Structure formats: structure tokens, C-alpha cells
Amino acid sequence: MAGQEAADPQGATSPYRDAPSDPAQGAAASTPPGEDPHEQGRHAQNSHGQNPPERNPHGQNAHGQTPPADDPYGQRPHRQEYGKGASGPRDPRPEPQPQPQPQSPPHEERGRHTSEGQLPPLPPIPAHGSGWMPGTPDGGEVLGSFVSTPPRGTPLEAAGHPGDEDSVGMRIPMPAQTGPEADRLRYVGAATRRIARGLDLDEILLGLCRSAVPAFADAILVYLRDPLPVGDERPSGPLRLRLRRADGGLDGPDPAGDAPVGAVPLVPALEPAYASETIGVLLDGPLAEVLRGVRPVFAESPRAADALAELLGNPASPLPTGRRALLAPLRGRRRVIGAAVLLRRPDRPAFEADDLLVAAQLATHTALGVDKAVLYGREAYIADALQREMLPDSLPQPTGVHLASRYLPAAESARVGGDWYDAIPLPGSRVALVVGDVMGHSMTSAAIMGQLRTTVQTLAGLDLAPQEVLYHLDEQAQRLGQDRMATCVYAVYDPIAHRMVVANAGHPPPVLLHADGLAEVLRVPPGAPIGVGGVPFEAVELPAPAGATLLLYTDGLVESRSRDVWGGIELLRERLHDAATVLSPPPLEPLCDEVLEILGPGDRDDDIALLAARFAGIAPSDVAYWFLEPQAQTAGRARRLVRQALRRWDLEDQVDAAELLVSEIVTNAVRYAERPITLRLLRTDVLRCEVGDDAPLLPRMRHAAPEEEGGRGLYLVNRMAQRWGATRLGAGKVVWFELPII
């Protein structure tokens with residue numbers, strides 16, 4: 001045995017040749033030398049309770065016949081019919097003659113047998129002169145953890161191997177293998193799993209570097225194409241590479257402590273400018289030739305050494321050459337996407353020819369991972385852009401109310417969902433507050449959410465009642481499809497009347513935080529979800545006192561795996577009360593952050609949309625309201641009323657401009673109105689004037705010709721007012737303008 005091991009150039013037997021095919025075959029491994037292993041079973045009984053016949057010294061059985069080589073007891077049982085005993089009739093067919101079996105060497109025979117049901121213990125991973133190191137410095141996967149193979153039928157967890165999520169049942173038993181080839185296979189398996197673990201570009205490159213250093217190399221440089229091609233698009237322009245990640249002895253001796261004390265850096269520290277700049281690959285240069293060759297190469301040929309020097313930029317200090325430097329192209333989707341450089345120190349054995357296969361596997365899996373990460377990054381960007389476009393960029397700041405909002409996706413890997421919020425200014429200084437939730441977290445849910453949000457904005461522009469808005473929204477959801485389900489709460493706040501009208505469609509109820517710190521869950525009829533069809537909706541009118549805060553939210557804020565909806569609503573109410581105890585009323589933006597803190601680490605099961613509205617209202621002393629008959633002298637009366645109101649508010653500087661613009665709008669309303677028109681002035685941070693009539697046709701600005709007598713009223717309004725607009729009502733319209741208060 002010792003002589004056989006000494007003759008093996010690798011210091012170990014072949015892992016494929018000596019691997020046992022069945023653990024039960026290892027009975028001879030425990031037999032002492034010089035003792036016949038078959039003698040141990042001489043006195044053992046067979047399956048019929050009979051002792052086996054003894055062999056004579058000449059190797060013949062009890063019948064005087066020489067047994068075949070594969071019959072250890074010197075007898076072969078007769079062929080029997082199914083269900084017959086040993087005394088049954090014999091098979092009339094002639095029994096095949098046994099073929100002589102080749103004799104195996106003693107060492108191979110002993111290596112094939114072990115004790116029953118137990119694999120032989122494996123020695124620690126030998127270096128075998130290949131420069132392999134047994135583990136990684138960060139405590140990750142080591143080669144030694146992939147050596148042993150569990151017995152047949154052992155569960156994954158019991159065998160010490162982490163079970164994959166997609167694995168079902170038992171691990172397929174494999175014979176234990178040792179030697180450098182088996183070590184390489186185990187290393188490649190561990191490294192590819194670590195590389196495939198990443199989902200973005202940085203994680204994949206980090207997995208490659210952590211797998212390669214120091215188990216396979218002492219340093220690694222990873223270059224990627226700049227810019228990286230996405231999907232099936234064909235890159236345009238010359239090939240340019242950028243250093244994306246480096247690991248190992250680049251800034252000093254090996255951090256694992258394997259290099260000698262005082263050793264110089266393996267590769268000199270790269271200048272920041274060099275690391276940030278791209279490297280142009282010459283079309284007919286040595287680097288382009290190596291990259292087109294697909295396979296990794298050693299830097300022992302002049303062409304490969306020139307390619308490595310072109311890639312590394314010809315540093316001043318000498319680089320590892322020969323078989324201590326390895327250049328592996330990274331190719332994905334049949335095109336070059338980068339290159340990896342693997343280096344070893346002089347005090348470590350050089351790379352072997354078989355290490356080129358290992359480097360090729362690492363490069364292939366890294367290239368596939370990079371391609372996957374680029375595709376995922378583009379899909380995530382599209383999803384984020386779609387979600388941003390579906391939600392408002394910024395909330396309006398209507399008169400008499402302050403708004404704040406939050407949106408959180410369900411997870412970083414699924415940043416799209418069906419939750420939305422909106423604030424829509426309405427005629428009469430009112431504002432519509434909307435929060436909705438489309439079921440699901442997919443791109444389809446986000447697309448449906450965008451259509452429903454647009455529908456709500458259109459219906460709100462018609463100044464419909466909240467219950468009518470939900471009714472028409474339900475009809476629109478049914479037109480989109482059968483399974484288009486959503487929930488929605490729609491509230492209209494009137495800052496002059498200090499009232500709000502709320503309608504609900506299967507959504508969690510709003511919470512009102514009063515100025516005194518009392519958090520109240522509003523009693524709103526729940527209604528049916530949007531998309532059910534044929535279900536009426538009901539609206540309720542509630543007081544909205546100044547200083548109170550209304551919170552509209554989706555169920556992702558209050559519902560999780562650990563609590564139900566009503567438990568989450570109670571927790572939200574308590575959190576609002578605690579926030580108001582510290583400072584009342586609490587600022588809106590910190591209040592939204594405080595509300596989101598009720599979410600635990602595992603509570604992000606759904607998207608979250610939050611809309612907070614702080615009611616300020618408009619005092620009655622800052623409002624002036626009149627009804628005017630549609631007569632010829634109405635414009636003059638409107639000018640006098642505006643003059644008196646502005647003098648009472650000490651706005652003398654705005655009298656002339658306000659009189660002129662009110663006269664133009666009232667004159668146009670008198671021409672088409674059949675019922676009394678309304679005139680209202682509001683004093684807030686601006687002066688706002690609103691003129692309403694029953695004519696549904698909205699006015700539009702036009703440029704009058706020099707010979708025309710009319711058509712210049714809205715032109716004056718557009719030039720003199722800070723803002724102006726026209727909004728259609730349920731019965732008529734409102735034309736308004738704003739002037740700054742100096």
C-alpha cells in the first residue's frame with residue numbers, strides 16, 4: 001500500500017477509480033491483514049437458518065465443485081420459480097457458465113470495501129502542489145465543507161448541507177471522492193453558488209472576488225465593458241473596459257496573513273484617475289485577440305503577456321508573469337462584456353493547466369450573472385419610472401389645507417404596486433383627497449392603478465359628489481376587466497364651511513387627529529370594493545375643525561402577518577395620540593415618519609400609501625360672497641362691491657386691478673347666464689376672486705383682430721392676474737383669478 005501511494009504522482013488514488021459504488025461493499029476494509037474476510041461468515045447462518053457449507057482446502061464446496069469467482073461461499077442457488085421454495089422444480093434452461101473475473105490489486109480491493117453503512121473518513125484537503133488554499137478569510141464557504149457526502153437517505157439538514165428552497169426529498173447519494181480533481185469540483189460548486197447568489201452587479205462581482213481570493217488566487221481584477229450592453233442590443237462604438245472591482249494584495253501584503261512579513265504589494269496601488277478612466281481596446285491588439293479567444297490563458301506567451309500589460313496599463317513595478325498570471329475573458333450572450341485577471345504570489349505554487357477550466361467556469365458564471373444583473377436593473381428602472389409617473393410628483397398646496405404624503409413599495413425587488421394617493425383642487429377652494437389600492441404588486445396592478453387614478457381626476461373635475469365618483473369608478477373598473485378589484489376612499493374638504501364629505505369603497509376607515517390629541521376612527525360606511533359592480537355607495541358629511549389632521553392610508557400600513565386590520569388601526573390611533581401628546585398639533589412631515597414606525601421588520605407585506613391633510617380653514621372674516629342678477633348694470637355693481645371689500649381688508653393697492661378683471665368676467669357671465677351669478681372674494685396668502693354662472697361652456701382666450709370690438713377680456717386677465725382658470729361644475733362653471741397681496 002505504501003509503495004502504491006509513493007508511485008502515485010498526485011499522492012492519492014484516482015477519485016473515480018477507487019470510489020465505492022455501495023457502502024455495503026466495505027466489509028473487507030475492517031478485516032485485519034492476513035485474515036480471510038470470508039472466514040468471518042463461516043459460522044453465520046444463511047437466510048434459511050442453515051449454516052453455509054464449508055470449503056475444503058482445495059477451494060471446492062461440499063459437492064466437490066469449484067465455485068465461480070463471484071460466489072464467495074462456493075455454491076450458487078438454483079434458479080427458482082416465483083413463489084416456490086428451495087425444493088421447487090429447477091429451471092430447465094441451462095445455467096450460464098461463469099466468466100472469470102479479473103483480480104484487483106490488494107490496495108484497490110481494500111479501497112473498495114468499508115465497514116457496512118459507513119463511508120471511510122476523508123483526509124484534510126491536500127495542497128497537491130497546486131496552490132489551493134482550504135478556505136476564505138471571511139469565514140465563508142470553505143472547500144473542506146464540501147468534501148463529505150452523507151449516507152444514502154440522509155436529509156439535507158441532517159447531513160450538514162443547507163437545503164435549497166427548490167430541493168425536494170433526499171440528496172442523491174454520491175460516492176465520496178478525494179484528490180485535486182474532486183477539490184476543484186467542490187470549489188467550483190461553492191464559487192458558482194456564491195456568484196449566482198447576487199441580484200445586482202455589485203453583489204455578483206463581490207461574490208466572484210470573495211470566491212477567488214485567497215482560495216484560488218492572491219489577487220483579482222475585474223474589468224467590465226463601459227457601457228454594458230443590455231439584453232439583446234448590439235453595442236455600438238469601440239470596446240472600452242473599466243475597472244469595476246479589485247480584491248487581494250493590491251494595496252499591501254495579503255490581508256489573510258499568508259504572505260511573508262514585509263512582502264511588497266502583489267500589484268501596485270492603482271491611481272484613482274486610472275480606476276475611473278476607461279481603457280480603449282485596440283481592434284487588432286493583443287488584448288482584443290485574447291478576448292476573442294474566449295478561453296482563459298496564462299501570461300507565459302508573449303502575446304498573452306502583452307495583452308495583460310495593455311489591460312493593466314503598464315505599471316512601473318513588475319507584474320507576475322508565466323503561470324502566476326491568468327487572464328479570463330468574460331462573455332455573455334456571445335459578446336465580450338469584460339475580463340478578469342487572477343494573480344498569485346511568488347511564494348505560492350503557480351497555476352496548473354486544470355486551473356484554466358476552473359477560471360473558465362468562474363468567468364462563465366460571472367458573465368451570466370452580470371448579464372442577469374443588467375437586465376434586472378433595466379426592469380427595475382422601468383418599474384420605478386412607471387411607478388413615479390403613476391404617482392404625483394408633488395402635492396398641490398390648496399387654500400386652507402396643508403398636505404404631506406408617503407409611498408413605500410412592498411420590497412426592494414418589487415417596487416411597483418397598485419397603491420396611489422392624490423390631492424385634486426376643486427372649485428370653491430375645495431380639495432379632493434383620494435387614496436386607493438389595486439390588488440397585486442405587479443406591473444399590471446400599476447397600469448390599472450394609473451387608469452383608475454386618471455379616471456378619478458376626470459370625475460373630480462366634473463365636480464361630482466363623492467358617492468357618484470366611486471360609482472363611475474366602479475363602472476370603469478368593470479370595463480377594464482373582470483378581475484380588476486380595488487379599494488378607494490374619496491373625501492372632499494371645504495375650508496370655508498369647515499366640513500368634509502367622505503365616501504368609502506371597501507377601504508380602511510380614515511383616522512382624524514383632533515387638535516386636543518384625540519385620535520378618532522371615522523365612522524364611514526365601508527361599501528363594496530371597486531370592480532364588484534351594481535353596488536351603491538354612500539357618503540357622509542362630517543365636521544373638519546381647524547387644526548385637525550386627516551390620515552388616509554392603505555391596508556399595508558395596518559395589516560401584516562402578525563396582526564389584523566383592526567389591530568393595526570388601533571395601533572395607529574395610539575401612535576397618533578402619543579405624537580400629539582408631545583406636541584399638538586404635530587408637524588406633518590415628522591408625523592408621517594412617526595406613523596411609518598409602527599411597521600416592524602417583517603411587516604412589509606404590502607405597498608403603503610399615506611396622505612395626511614392638516615385642516616387650517618378660512619376664517620369667515622376673510623370671505624365675501626354675493627348673488628348678482630344677470631342684468632346690464634350688474635358689472636358696475638360688482639365693481640363697487642369689490643372696492644368696498646378690499647378697502648375693508650386694507651388692500652387698497654389691489655383695487656384697480658381687481659375691479660378691472662372682475663368687470664370683464666362678470667360682463668361675460670351676464671351675457672350667457674340665465675340664473676343669478678355668484679361673486680366671491682377670498683383673502684388668504686393671495687387675493688382670489690371667483691365668478692360662477694349656469695352656462696356650461698368654458699371660456700377660452702383668443703387673440704382679437706384690430707377691427708373686432710370684443711374678445712380681449714380674458715387676454716387682460718391672463719396678463720394681469722398671477723393665476724387664472726375655469727372649472728366646470730355640475731350645473732355651470734366657475735372662472736377665477738388670483739392677485740398677489742403686497
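Everything quoted here is computed from the prediction, not taken from an experiment.
- Note that CG of Leu550 and CG of Leu542 are 9.5 Å apart. Values are rounded to the nearest 0.5 Å.
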Check against side-chain hydrogen bond (donor to acceptor under 3.5 Å, both in side chains), Gln633 and Gln631
CA-CA 6 Å; Gln633 62 273 21; Gln631 300 174 355; 2.8 Å; yes

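- Between the Gln654 side chain and the Pro740 main chain, a donor and an acceptor come within less than 3.5 Å of each other.
- A centroid separation of 6.0 Å or more is found between the aromatic rings of Tyr421 and Tyr407.
- Taking the six-membered ring for Trp and thresholds of 30 and 60 degrees, Tyr553 and His507 have ring planes inclined between 30 and 60 degrees apart.
- Between Lys733 and Asp694 no salt bridge is recorded (no basic side-chain N to carboxylate O distance below 4.0 Å).
- Remark: Glu652 engages Arg647 in a salt bridge, criterion side-chain N to carboxylate O under 4.0 Å.
- From Met485, atom CE reaches atom CG of Asp474 across 8.5 Å, with rounding to the nearest 0.5 Å.
- No more than 12 heavy-atom neighbours from other residues, nucleotides or ligands sit within 6.0 angstrom of CD on Glu674.
- Note that CG of Asp653 and CG of Leu687 are 12.0 Å apart. Values are rounded to the nearest 0.5 Å.
- Using a 3.5 Å distance cut-off with no hydrogens or angles, the side chains of Glu475 and Tyr471 do pair a donor with an acceptor.
- Here the side chain of Arg723 pairs no donor or acceptor atom with the backbone of Phe737 at under 3.5 angstrom.
- Remark: Arg453 engages Asp422 in a salt bridge, criterion side-chain N to carboxylate O under 4.0 Å.
- A side-chain N or O of Thr554 and one of Asp419 form a donor-acceptor pair less than 3.5 Å apart.
- Cation-pi geometry between Arg680 and Trp626 is not met at under 6.0 angstrom from the ring centre and within 45 degrees of the axis.
- A salt bridge links Arg406 to Glu589: at least one charged side-chain nitrogen sits closer than 4.0 Å to a carboxylate oxygen.
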